[in-house]
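For ligands, and for the atoms within them, numbers begin at 1 and follow the listed sequence.
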Amino acid sequence: MTEYHDDFAPTHRPEPYFIKVVEPFRLKSAAERTRAIRDAGYNPFLLRSEDIYIDLLTDSGTAAMSNRQWAMMLEVQESELGSAASRLFVERCREVLGFRYILPTHQGRAAEHLLSQAMIRPGQYVINNMYFTTTREHQERAGGVFVDLIVEEAYDPRSVYPFKGDIDPKKLVDFIAKHGAERIAYVCIETNVNMAGGQPISLGMTKEISAICRYHRIPVIFDATRVAENAYLIKQREAAYADWTIKEIILELMAQGDGCTISAKKDVLVNIGGILGVNDPGLYERCAALCATFEGTPWSGGLASRDLAAMAVGLEEMTDYDYISSRVEQVHYLWSRVKEAGVPVVEPPGGHAVFLDAQAFLPHIPQEEFPAQRLAAALYETAGVRGMERGIVSAGRDPSTGRHRGSKLELVRLTIPRRVYTYSHMDVVADGVLDVFRHRERLTGLRMVYEPPTLRFFTARFEPR
Ligand code: F0G
């Protein structure tokens, strides 16, 4: 851990790295930005990257890799069968995550696909803590019935409950009593719940949920995509683990489950890759067979050796205290700046992003007129900053009724890429948000003019009303 002399404390927890490669970029003019967002149908996903100044669309695949990652990528040999990179990757996954059997995949959703197909029988329930878009999609494609049993606090942006990602044990016990354990394929627990505002799960409650599931022989699967950030927040907020290392907390957390899927494009600090880990050899065999059909060989997942090598190094780097603390504290700095100015945000601050509460920000725009989509577009127009709608558009339509699913949360996510931006960039973002906030009454709602059949938030188009 970085320590300074006695009573010297720098203003920010500094970035624990030096910048060796840079990518120049410039803010386009106000007129160019107005044209760009109109051409993109008021959907920031459809902006061209050259039109963006600070890109907070996603923390996925956007991390800056380290010199050690690049060096290892060049060092490993590119032979498919029995490659050293594959062995290194599997060993590192076992060491950091603790699962016995490991499969690499292209991305997180590929791991979700294999696992959902291998574990869900049509008509079975899959219990989740809120939802992630692709996770739910794969559960439903496998014939599963999606169920969300997250704690109620997760739906209240103002609640400062420290672990808004937890599953509610009472809801779980009641659900099992009502439907029977055999009708539940598994309980899927996401770390650092993305759609709830990057809110962590606690180790204490996860142990309780795991004990309930073990008693009823229901498997527990983690979506451990942001497990390092969650471990840091456990260390900060759960007194019993304040003295544990990030590595120890991750292992203890994963020990409560039977497997995990991971999008390595987030905490694992790579630009492409996913991980599937399980303990049951039979389940591994089924997943490996599906991997061979959909991804590539079970030892490569269709990735190049260099991608496996980058993941192996990233798995270690994500557990470094200096790194993960500076990462999460940078997010908290942006959160504090906008919160202190009175902007409605999801509280408390989460791990990977700051979530603006668009419903409270734009109370004059009803949810059917897409306030979060409107706010994301306005932030781009004002400051060249790209964020993402996480509300009624992302929630999509109910496949059985065809109606908007509705969403209790109507948010704009400002997602901070890892090791890419500095504190001065965070200040630009905060200033942009405050500017939109000052002029918020001027904004009107949107009308959706194009809607694709699934995952509509990627390509839907809008017009101002
Ligand atoms: N699980 C979680 C919690 C995620 O946030 C994501 C991706 C996935 C699974 C899917 O992984 O993209 O590698 O296939 N989230 C990105 C985001 C897209 O911007 O939040 P993937």
Any residue meeting ring-ring contact (aromatic ring centres under 6.0 Å, His included) with Phe146, in chain and number order, not counting sequence neighbours = none

Using heavy atoms and a strict 4.0 Å limit, residues surrounding ligand 1 turn out to be Thr58, Ser60, Gln107, Gly108, Arg109, Glu112, Phe132, Thr134, Glu190, Asn194, Asp223, Thr225, Arg226, Ser263, Lys265, Lys266, Arg413

Assess the side chains of Tyr232 and Glu329: does a donor N or O sit below 3.5 Å from an acceptor N or O?
-> yes

Ionic contact status for Arg141 with Glu137, cut-off 4.0 Å = yes

Distance under 6.0 Å and angle within 45° of the ring axis: does Arg390 meet both against Phe355?
-> no

Residue pairs fulfilling side chain to side chain donor-acceptor pair (under 3.5 Å) with at least one residue in residues 54-65, sequence neighbours excluded | Asp55-Arg386, Asp59-Arg226, Asp59-Arg418, Ser60-Lys266

Not counting sequence neighbours, which residues clear ring-ring contact (aromatic ring centres under 6.0 Å, His included) with Phe99? List them please.
-> none

